[in-house]
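First the structure, in the form of structure tokens, and then the observations on it.
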Amino acid sequence: MPRIAIALTIGCLFAVYGLVVAEKRNLSAARGLSKVAASTAFVLLALSLHAAATSYGQLVLLALVLSWIGDVFLLSRRSVPFLAGLGSFLLAHVAYSVAFATGALSAGAFLVGLIFASAVGVITLRWLWGRLDVPYRLAVTAYVVAIVAMCTMAIAHGAASQSWLAAVGAVAFAASDISVARDRFVVSAFLNKAWGLPVYYSAQLLLAWSIT
């Protein structure tokens, strides 16, 4: 394994620890610095693993860059930056889906993944629907559809390739979105970030490592 890739992975995890501490203590400057550092680390990780050398790697890199942009937008709790961040993450999910489609796919696993992901998506939408203003209903619905597609493709790709790194990362990415939704639309609490942030960054690291 490239030493620089290992160093970037460790550096990302340390930055995530700093981010969680900053969230706990409500340190806005430290929060911004730690978040940008952690997100930059996973983009650099993909580059260190020669993401540009393959179509899969290029698409994963694109998804990671879009996630980086979304992370910056979500530093603000205002509606416009939040919607912009939502859009950026939606495109990241799409890019990951296309990346998985560049490899082999298992039809059986695709069907199982579609049923599982769709069920979770419907449950999530029903949970959030009554708490969403009209402008958010369309945006969140589109976002959930993108997540369902990503998880379905990831599971189909993992089953066909017998390499589950990307599938675990994709499902973890989707799980972390629940913490963001709960914090934004249900109840804003440190607990959402305490588990959601480590899961999100672990997911992005796994997806970056899947380039290998």
Mind checking side chain to side chain contact (heavy atoms under 4.5 Å, CB included) for [X] and listing every partner two or more places apart, or none if nothing turns up?
| X | value |
| --- | --- |
| I115 | L111 |
| S202 | none |
| V144 | L125, V140, V148 |
| E23 | L19, R31, F190, K193, L197 |

Going from [atom1] on [X] to [atom2] on [Y], what distance comes out if it is rounded to the nearest 0.5 angstrom?
| X | Y | atom1 | atom2 | value |
| --- | --- | --- | --- | --- |
| S188 | R182 | OG | CZ | 9.5 Å |
| L165 | T212 | CG | OG1 | 6.5 Å |
| R3 | L8 | CZ | CG | 14.5 Å |
| I155 | L114 | CD1 | CG | 9.5 Å |
| H157 | T152 | NE2 | OG1 | 14.5 Å |
| F73 | L83 | CZ | CG | 11.0 Å |

- Determine, using ring centers only, whether Y200 and F173 are less than 6.0 Å apart. yes
Shortest non-hydrogen contact from [X] toward [Y]:
| X | Y | value |
| --- | --- | --- |
| S179 | W195 | CB-CZ2, 3.3 Å |
| A174 | I147 | CB-CG2, 3.5 Å |
| A166 | F100 | CB-CE2, 3.5 Å |
| V20 | A194 | CG1-CA, 4.5 Å |
| G196 | S176 | O-CB, 3.7 Å |
| A146 | L90 | CB-CG, 3.9 Å |

Is it the case that one hydrophobic cluster holds both [X] and [Y], taking links as side-chain heavy atoms less than 4.5 Å apart, direct or via other members?
| X | Y | result |
| --- | --- | --- |
| V120 | Y143 | no |
| M150 | V171 | no |
| V21 | I10 | no |
| L206 | I4 | yes |
| L138 | L91 | no |

query: Does the pair L74 and F89 meet the rule for a side-chain contact (heavy atoms from CB on, under 4.5 Å), with working shown?
result: CA-CA 10 Å; L74 261 59; F89 279 118; 4.0 Å; yes
For residues 14-37, the ring-ring contact (aromatic ring centres under 6.0 Å, His included) pairs (sequence neighbours left out) are none
For residues 101-121, the ring-ring contact (aromatic ring centres under 6.0 Å, His included) pairs (sequence neighbours left out) are none
Quiz: residues 32-41 side-chain donor-acceptor pairs under 3.5 angstrom, not counting sequence neighbours:
| residue | atom | partner | partner atom | Å |
| --- | --- | --- | --- | --- |
| S34 | OG | A30 | O | 2.9 |
| S39 | OG | K35 | O | 3.1 |
| S39 | OG | D71 | OD2 | 2.7 |
| S39 | OG | Y201 | OH | 2.8 |
| T40 | OG1 | V36 | O | 2.7 |
| T40 | OG1 | W68 | NE1 | 2.9 |

Can you give the donor-acceptor pairs under 3.5 Å from side chains of residues 59-67 to other protein atoms, not counting sequence neighbours?
| residue | atom | partner | partner atom | Å |
| --- | --- | --- | --- | --- |
| S67 | OG | A63 | O | 2.9 |
| S67 | OG | Q204 | NE2 | 2.9 |

Quiz item: Are the charged groups of R184 and D177 less than 4.0 angstrom apart, N to O?
Solution: no
With sequence neighbours left out, the residues meeting ring pair (Phe, Tyr, Trp, His ring centres under 6.0 Å) with F185 are F82, Y136
Between W209 and T9, is there a side-chain heavy-atom distance shorter than 4.5 Å? yes
Quiz item: Is L205 close to C12 at the side-chain level, that is, under 4.5 Å between some pair of heavy atoms?
Solution: yes
Residues pairing under salt bridge (charged side-chain N to carboxylate O under 4.0 Å, His left out) where one sits in residues 80-108, two or more places apart or in two chains, turn out to be none
For residues 102-131, the side-chain hydrogen bond (donor to acceptor under 3.5 Å, both in side chains) pairs (sequence neighbours left out) are none
Handout entry: Whether over 12 other heavy atoms sit under 6.0 Å from R78 CZ
Key = no
Exercise answer: donor-acceptor pairs, residues 46-56 side-chain atoms, under 3.5 Å, sequence neighbours excluded:
| residue | atom | partner | partner atom | Å |
| --- | --- | --- | --- | --- |
| S48 | OG | L45 | O | 2.7 |
| T54 | OG1 | G57 | N | 2.9 |
| Y56 | OH | S210 | OG | 2.7 |

